[in-house]
Amino acid sequence: MKEPCTDLHSETSETSASSADRSSSARSRRAGPRDSTASPLSARAAVPVMLVASGCSSDSGSGDDAQKEAATSSAQPSQSASEKAVQEAAYATLPKPCDALAKKTLADLVPKANKSGKAGASNESGTRGSCSWDSLDNNGVKGSQFRWLNVSLLRFDSDAARGEGNELAQEYYVKQVKDAQAVEGAKNARTQPVSGTGDEATAVRYDLKKKEGSFKQQTVVTRIENVVVTLDYNGAGLAGEKTPDAADLTKAAEKAAKETVAAVIAANQGDGTASESAAPSKEASKSASPSKSASKPASGSASKDASPSASASASASKKN
């Protein structure tokens, strides 16, 4: 665009110079003094040069580019705002923890327990909750079989500042597994993945020696979307009773964890129950903030929940 303009400027300059030479020759042939009226004509001859130069001083394309840049800049804030949007959490509520397992399941895992269970003190409907059962099967002089079961549920909401609910749940899931692996005094620890339960699940088992006897502890941590289920189950043979088999306890704990996950799904479908006599709550999630859900575990860490009631164990010893 600018090169043709330069040639036009040069051509106009040459034309103006030729006109000036002819005017000079004409004046030299005239007789008498130089005519002062020739100056205005020379000034008019120079006008086209100035006009052409001013016409080439700006590029019409540069204005369009500036408008495009301004439009692009104005669009940036809206794009940034859309990038901050987070996906809504998959599950909006939780089942009642004490209703998450079927009566038959409870009869197998904790045969002598009160089937209604004991609800956790920090339960918040739809956001967090826990329930525990303990069973003492007294066999007289042969000793007693002790079982303890605890189910904890924690749900995470999506939050623009903290992230999506399933990502927050995944972080908590990893923490729960690490807590279960780091129990003080644990012996013969073993960690294994659990298939067919939620999006991811891990079972951690170990032996824990106490004054009442040798306890076999199983912790199964499961994540399904934005919900984390932590199930603790342990058993011990007290007062001379045989120590239960760890493999059998682990199998029972994995079954209960899978059943609890089904209860979470059923609670959010709003039609039917996950298992026999397990009627999950249909109450919508209350306005519990995500920060509270992440900061407080449903019923303490796995290491704390792994400890059965010392008084229950002691009472078993006294009876025998």
Side-chain angles (χ1 to χ4, degrees), residues 78-101 119-131 150-180 193-203 219-232 254 256-275 278-302 305:
S78 61
Q79 292 176 357
S80 299
S82 63
E83 290 175 357
K84 292 182 179 180
V86 294
Q87 185 176 357
E88 184 179 357
Y91 296 113
T93 191
L94 295 173
K96 292 179 179 179
C98 292
D99 293 337
L101 297 175
S122 62
N123 284 6
E124 295 177 16
S125 178
T127 302
R128 68 174 69 247
S130 67
C131 191
N150 186 82
V151 176
S152 301
L153 303 100
L154 183 60
R155 185 180 64 81
F156 292 82
D157 284 321
S158 294
D159 182 85
R162 299 173 61 244
E164 295 184 1
N166 62 333
E167 294 177 351
L168 298 172
Q170 206 278 332
E171 293 176 2
Y172 184 71
Y173 164 83
V174 172
K175 179 182 179 299
Q176 287 293 87
V177 172
K178 289 182 178 179
D179 286 348
V194 179
S195 60
T197 305
D199 294 313
E200 52 187 337
T202 302
T219 298
V220 181
V221 185
T222 306
R223 181 185 70 83
I224 176 170
E225 295 286 355
N226 58 311
V227 176
V228 177
V229 176
T230 304
L231 187 141
D232 290 296
E254 291 177 358
K258 187 174 183 177
E259 194 171 306
T260 306
V261 168
V264 172
I265 297 172
N268 286 272
Q269 289 176 342
D271 53 353
T273 59
S275 54
S281 171
K282 295 181 181 180
E283 181 181 356
S285 175
K286 294 183 179 180
S287 57
S289 66
S291 58
K292 291 182 179 179
S293 300
S295 61
K296 296 190 298 182
S299 62
S301 64
D305 288 338

Measuring from atom OH of Tyr91 to atom CG of Asn268, what distance do you get when rounded to the nearest 0.5 angstrom? 6.5 Å
Could you give the distance from CD1 (Ile224) to CG (Asp199), rounded to the nearest 0.5 Å? 6.0 Å
By side chain to side chain donor-acceptor pair (under 3.5 Å), which residues pair with Glu225, not counting sequence neighbours? none
Residues Gly129 and Pro97: closest non-hydrogen pair is C-CG, 3.5 Å
Output, in order, the C-alpha distance, side-chain angles, deciding distance and verdict of side chain to side chain contact (heavy atoms under 4.5 Å, CB included) for Glu164 and Glu167. CA-CA 5 Å; Glu164 295 184 1; Glu167 294 177 351; 4.2 Å; yes
Evaluate the side-chain proximity of Val264 to Leu153: yes if any heavy-atom separation is below 4.5 Å, no if none is. yes
Are the side chains of Glu88 and Ser158 in touch, meaning some heavy atoms are under 4.5 Å apart? no
Quick one: CG on Asn226 to CG on Leu154, what's the gap to the nearest 0.5 Å? 10.0 Å
Residues, nucleotides or ligands: over 12 heavy atoms within 6.0 Å of Gln87 CD: no
Between the OH atom in Tyr172 and the CZ atom in Arg155, the distance rounded to the nearest 0.5 Å is 14.0 Å
Derivation of the side chain to side chain contact (heavy atoms under 4.5 Å, CB included) call for Ser152 and Asn150: CA-CA 7 Å; Ser152 301; Asn150 186 82; 3.0 Å; yes
What distance separates Leu231 CG from Leu101 CG, expressed to the nearest 0.5 Å? 7.0 Å
Under 3.5 Å, is there a donor-acceptor pair linking the side chains of Asn123 and Ser125? no
List for me each residue that meets side-chain contact (heavy atoms from CB on, under 4.5 Å) alongside Glu200, sequence neighbours excluded, and say none if there are none. Gln170, Tyr173, Arg223
Give the intermediate values and the outcome of side chain to side chain contact (heavy atoms under 4.5 Å, CB included) for residues Val227 and Leu94. CA-CA 8 Å; Val227 176; Leu94 295 173; 3.7 Å; yes
Measure across Thr230 and Gln176 and return the closest heavy-atom pair with its distance rounded to 0.1 Å. OG1-NE2, 3.1 Å
Separation of Asp157 CG from Leu168 CG (nearest 0.5 Å): 9.5 Å
